[in-house]
Every structure is written in structure tokens, then in C-alpha cells.
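To find a chain, count down the sequence lines: A is the first, B the second, and so on, and within it residues start at 1.
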There are 2 protein chains.
Amino acid sequence: MKALPTTAGGDAGTVTIYDVAARAGVGIATVSRAMNGSAPVADDTRARVLAAVDELGFRPSHAGTSLAARTHAANGIVFPDLSGPYYAEVLLGYEEAASRLGRSVLVLATHGRPDADAAVRDLAGRVDGLVLLGRTVTDETIAGLGDLPVVVVARPVLAGVDSIRTDNLTAARALGEHLAGHGLRRVVLLGSPDESPDVAERWRGVRDGLVAHGVEPTVTPCLFDEESGTRVAAGLLAVRERPDALVCANDEIALGAIVAAEEIGLRVGRDVAITGWDDVMAARHARPALTTVRQPMRTLGALAAEVLDERITKERTTPRHESLATALVVRDSCGLHP
Amino acid sequence: MKALPTTAGGDAGTVTIYDVAARAGVGIATVSRAMNGSAPVADDTRARVLAAVDELGFRPSHAGTSLAARTHAANGIVFPDLSGPYYAEVLLGYEEAASRLGRSVLVLATHGRPDADAAVRDLAGRVDGLVLLGRTVTDETIAGLGDLPVVVVARPVLAGVDSIRTDNLTAARALGEHLAGHGLRRVVLLGSPDESPDVAERWRGVRDGLVAHGVEPTVTPCLFDEESGTRVAAGLLAVRERPDALVCANDEIALGAIVAAEEIGLRVGRDVAITGWDDVMAARHARPALTTVRQPMRTLGALAAEVLDERITKERTTPRHESLATALVVRDSCGLHP
DNA sequence: ATGAAAGCGCTAACAA
DNA sequence: TTGTTAGCGCTTTCAT
């Protein structure tokens, strides 16, 4: 389609720095300098160069630049999965911050694939830094990344690697105590703690809060989606001595559990308490509205981008570890509040 | 951290194809051939090369490869915004398909920035193809992308450019007729049609369906988020001759409108009908559950990746235009259904 | 089947 | 201030 003029003998269609240099009557180094401001250039020379750039529609090849400058001006973010509001929000915060810092963003979702480590290593080859969420790759793979700046999010701290997490413990404990305060006794924690270090920590906290009031919860494994929530909760609630509280690992499980409870005629918040985690949009629109824990998801993503950038620019060389506050959001699904 | 052995005199830390070649006792061309299978290599030679690759932990530099091979093995996707479930789902479908096709994914959100066009042009320099959602950039910018494969989603067809859209018209008309069937007369369409060609088409369809039953709707501009939905709906519902139906451009506006209605004591589905568009998770968990139109968001993303890939691989050279079916999902927010 | 060598488009020393 | 030139790490002819 585009048939821009090419001064040098290149194939029409690809304008290189040589074309610009020829057109402006200067050397290629001057073009580079004029465009990047990496060294002083006479005003009128610069003007001529920029005019040529404009006329030819020149845009530097990224491959050439990154090969020569040994930098990619891009960083990656790796998710275990991309579904659900949680990851979407984190990505949103990340992209915003990264692009503000002048870096492109590469996304990768591992979907629990067996070749996830290879995919991440490949991604590592095209970025200046990497953010890794949760259990996406093995510790060995991270170590194998060499000196590539890495920030892990919601994953146990690794020697020398920056990390960002949310403080699950405090809110979890508060949730446990709140539930005990409602007089709930048969509490089931819904969600597999070994799938995610985050969840393990939450269950620890909730249990702490509960035990302080003499209640010992049990754990039932469950995948982190709505459908699983409905299915597992249905099984749990069907028995005679059914639980009077379902504490779910995320809002989607909880929302699914609400469906299961209502299907068998239970009134959520009266006959059974159900709580979630994350405070996604659906949590506040559900009726009864979902008691949950708010995580600063967007901030999490943005902070990851910033922490990573500090490493890439070598503005900082020692590890940084951040923990973001969470907040218990009490609504109606855990019991009546006058 | 990593201190892998380097045979050639390069800086420790970066293993190049020369190191591998030296170690295996072959030329660099043979290493390239052995790794890519681009030409026959003797079995024992290949074995030696691969062993060296393994021992040295060699991983080809992307910049080098893409400069020499004139390809990026990556493609980009540009969103007007990344917030909300709609875009998250589209991205999910896209990433999945793209990575299945062996391509990395670069995301960019324009957030209505004035320099969006420049950002997109920059992105264009590092990918083999681009998916553009909605009104992210001007037609001129797209044309200026030259022969870079481009797929536009939810945007009017452009000469020679592949496009994917959802069929707004059919479901919109059905929605209009359904609403008229409820006996609703004062219908307001909430959402700015000039912001999005998609919305314009929806309003056209809804109006068609309504007018067939003698109802003429009015349009009230509104941004596409929940907070705006609440604010604008509150204003609309406060007047004496208030509307008896609020048809919203997306679910988030609708959910916000429900909040506004309930705040002034109106019963949604009885005193006022409210409908959305997209069928996000919150739509089915809201009470009353939201009547809306389901869009195949994930499929939209996946299809975009596939259509783009056909162009990149030159498997197809003529434009392709797809329209995906949508479905009216009737729940309780538009009126009582026995 | 293999090696030597010529680029790919750019940045950055080094000269002038 | 500017031009020349040597790479950056790879793919791909062209010889052999």
C-alpha cells in the first residue's frame, strides 16, 4: 500500500537510517544523534534531519536498535491465567505504569502448561525485565534467568529477587474473628492452599482468627472458578450436618457457592454465611452483597512495573520487598448486620 | 548471578552462536541450521551442536534473529482502555490463540491519550501484525502502517483491512421489541453513540425494534463506566415524568443505574426496566439479574489472532470480514417474567 | 554437509 | 559538530 520514496537503493517500503542520512545530506550517526539527542547536533542540521525523517516516514527498526543498544525497551508480565477480574486489574495497573515509563508490555499466560518454563525463558530473551505472578514457573527457571531483572508478585520471597505481595494475614485474621463473632461454628475454607501460597497464608490467618474463639475450620480443595465453587459447595451443603460458613479463596468461588446455596433453598447470610476474596465488581452487585477482602489489584500491577523499572535502570541494586495492605469488606453474605 | 562458561572471548554472561560453534567445533552457520532445521545437517554434527547448546545454556538473541530474519514472532493488540471485563475477556482469547500460534503478545492501551497514534506506530515497529480495537487510532494512522497486517475489531470496515465485529443489530432489535412488549413507553438509551460505532449500531437496532411498536426512544450521553451510569441515571430518574426503561450501552452502566434506581426506592424490573450489554459476570449475579446481550468476547479475541495470523503467514491475501452472532439474554431487570 | 562471509538497521567509539 | 567504521547476534547465500 505505502509507496514512500526511498533515496538509497533499498527495497521500496522499508526506510532505513541510510535513506534519511542521504536525503538530509549527513552521515547516519548524525541522524541517530538528532533523533535521540545522544550528542549535540547543530540546530539547522537537526532541522534538516527531522525534515527528512518526516518526509520519508522513517521509523527506526526496533530489532536494529535493540541489537545495537542492547536493550529492548520492553518488559514482560507472566500470569498463571488471564481469566477473571483479578488478573485483568493487575494487568491494567501494570500496563499503565509501564507505558508511562516508556516500556512496551509483553503478556504471557502459562495456563498451567508443561512448557511454561520454556515459554518464560523465551520471553526473557526479548525483554529488559520480567514480572512473574504466583506459581507460574519453578525457582530454577527464575535462577536460570541470570541477571535479568525480575519481580515476583504473590509468591514467596526468593533470594535476591524483588517481590511484591499483599498482606493476606491481617485481613484473614480479621475475617476469621468476624465470622466467629457471628456465632458460626462449622466453618469450611473453600480453595486449595497448595495451589497458591497466597491462599495458604489466607487460610492460616482465617484459622488464627477462628481458633482464638474456639472454632476449628476444615479445608476443602476447590479450583478458583465459579463453576467449581458451585459444584463443590453444592456437595458440601447437601449433607445433614452442613457447614454454616463457607470461606472462599476468591470471589468467583464465593459467587458460585451462593448459587449453589440458593438452589437448595438456603438463605445466604442467614442459613449459611459465604465470603470471598478480592472484591471484584460482581461482589458488590450480588444480593446479598458479598463479604470479602479488598486487594489493591491495580496498585499491585503498577507497583510491580515501578519496582522492576528501578532495577532495569539500575536506580536501585538491592532487593526490595513490598507488602500491600488489604481491607476486610463486610457486607451481607456473612450474616445480618443491623 | 549466572556464570556460565564462555568459550569465545565474549563477556561472561552472554552466550552467542559463536561460543556454541567454537565449542562444537563447527561454523556458526551449522549451529543455525542444526537449531532451526533450515538445512540438512549430519546427525552426529547436530548432536554435537545440540550438546554444546545445552552445556552453554545458549539461547538465541531475539534482536539478532529478528534483524536477520526480518520477523518478530510477535504481534500486538491495542485497546482503547484495559478496564472492565469486556477487554479482559477479549485479551484472554487473543493471548491464548496467539501463543498457540507461536507468537508473543504485546499489549497497548491508549486511554484516549493524544499521543496514541505515535504509540501505535512505535508498537508497529516491533510486531509482525496488529489488532486494533474500536476507535483507538485514526484511519490515517492505520493507512500509515503500510503493509503491516492489521485486523480491526469493532470498528467500521476499512478498505483492504481485515475486520471482525459482532452483530449488534439483530440482538438490539430483539431487545427493542422485547421492551416494547413489556409495555414500556418512555425509553432512554444510555451511552454516547458517537464514542463508539458499536453503540451507534446498537441504538439503531433498539430504536428499530421500539419504533415498530410505536415507541420513540431518546438518547442520553454517558461514559461507559459504572460511576457514570449511577450519576446519569440518578439525574434521569429524579424528574417527575421519569423514564420507565433505561437501555444501557454496557453492563457497567446498567449496574450503576440499578444502584441509582434503588437509592431512590425504585424497584428495578417493576418501576423501571434496566438493561445492559456484554453479559459480564456481575450481570448474572446482580439482583434482579440483568437483562443484557451476550457477546462472544473470548471468541472475538481468538478469531482476531487467527485472522491476523493468516495475513502474516500470507496464507490469505484478500481481506476477510467476520461478524459474530450475539444473543439477547432476558433476565429480571427488564420486567417480570412468569 | 559444511564454512566463509555478507548483510539486517542501528549505536557508539574514534577521528577529523 | 560531524563522518567513518566497527560491531551487536543472527540468517542466508555462495562456495566448497
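- Checked for salt-bridge contact, B:D139 and B:R155 meet the test: a charged N lies under 4.0 Å from a carboxylate O.
- The stretch residues 32-42 of chain A touches DNA chain C through A:S32, A:R33, A:N36, each having a heavy atom under 4.0 angstrom from the strand.
- Checked by atom type, the side-chain pair B:D81/B:Y86 shows no donor-acceptor distance below 3.5 Å.
- Spacing between atom CG of A:D19 and atom P of C:dC8 amounts to 11 Å, rounded to whole angstrom units.
- Distances were taken from every side-chain heavy atom of B:T45 (C-beta onward) to each of C:dT11, D:dG9, C:dA1; the shortest belongs to C:dA1.
- The nearest whole Å value for the distance from the CZ atom in A:R48 to the C1' atom in D:dT2 is 11 Å.
- Looking at heavy-atom distances under 4.0 Å, B:G125 makes no contact with the nucleic acid at all.
- A straight line from NE2 of B:H72 to P of C:dC10 spans 11 Å, rounded to a whole angstrom.
- Residues A:R70 and A:D128 are not paired through a salt bridge, judged by the lack of any N-O separation under 4.0 Å between the basic side chain and the carboxylate.
- Taking five base pairs at each end of the helix from C:dA1-D:dT16 to C:dA16-D:dT1 and finding the rotation axis that steps the C1' atoms of four pairs onto the next four gives two axes whose angle is 40°, to the nearest 10°.
- At the phosphate of C:dC8, neither OP1 nor OP2 sits under 4.0 Å from any side-chain N or O atom of B:S66.
- For the pair A:I17 CD1 and C:dG7 C1', the interatomic distance rounds to 16 Å; values are reported in whole Å.
- B:D19 places none of its side-chain heavy atoms less than 4.5 Å from the side chain of B:F58.
- A side-chain donor-acceptor contact under 3.5 Å links A:E95 to the backbone of B:A109.
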Protein and nucleotides 6-8 of chain D: nitrogen or oxygen contacts under 3.5 angstrom:
from, atom 1, to, atom 2, distance (Å)
D:dC8, O3', A:R70, NH2, 3.3
D:dC8, O2, A:A68, N, 3.3

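- Per the geometry, CZ belonging to B:R59 stands 11 Å off P belonging to D:dC10, to the nearest Å.
- Look at A:T65 and you won't find any side-chain N or O under 4.0 angstrom from OP1 or OP2 of C:dG9.
- Judged by distance alone, the side chains of B:R113 and A:S99 do bring a donor and an acceptor atom under 3.5 Å apart.
- Judged purely by distance below 3.5 Å, without hydrogens or angles, the side chains of B:R46 and B:T30 never pair a donor atom with an acceptor atom.
- Salt-bridge formation is not detected for the pair B:E195/B:R135: no Lys NZ or Arg NE/NH1/NH2 atom is positioned less than 4.0 Å from an Asp or Glu carboxylate oxygen.
- Rounding to whole angstrom units, CZ of residue B:R126 and P of C:dG9 are separated by 17 Å.
- In this structure, the side chains of A:D162 and A:V152 stay at 4.5 Å or more apart for every pair of heavy atoms.
- Remark: A:R165 does not engage A:E322 in a salt bridge, criterion side-chain N to carboxylate O under 4.0 Å.
- Side-chain polar atoms of B:S38 and B:R33 form no donor-acceptor pair below 3.5 angstrom.
- Note on B:E306 versus B:R100: salt bridge recorded, some NZ/NE/NH1/NH2 to OD/OE distance being below 4.0 Å.
- Atom NE2 of B:H62 is separated from atom P of D:dT11 by 11 Å (rounded to the nearest Å).
- Distance, A:D122 CG to D:dC10 P: 13 Å, rounded to whole Å.
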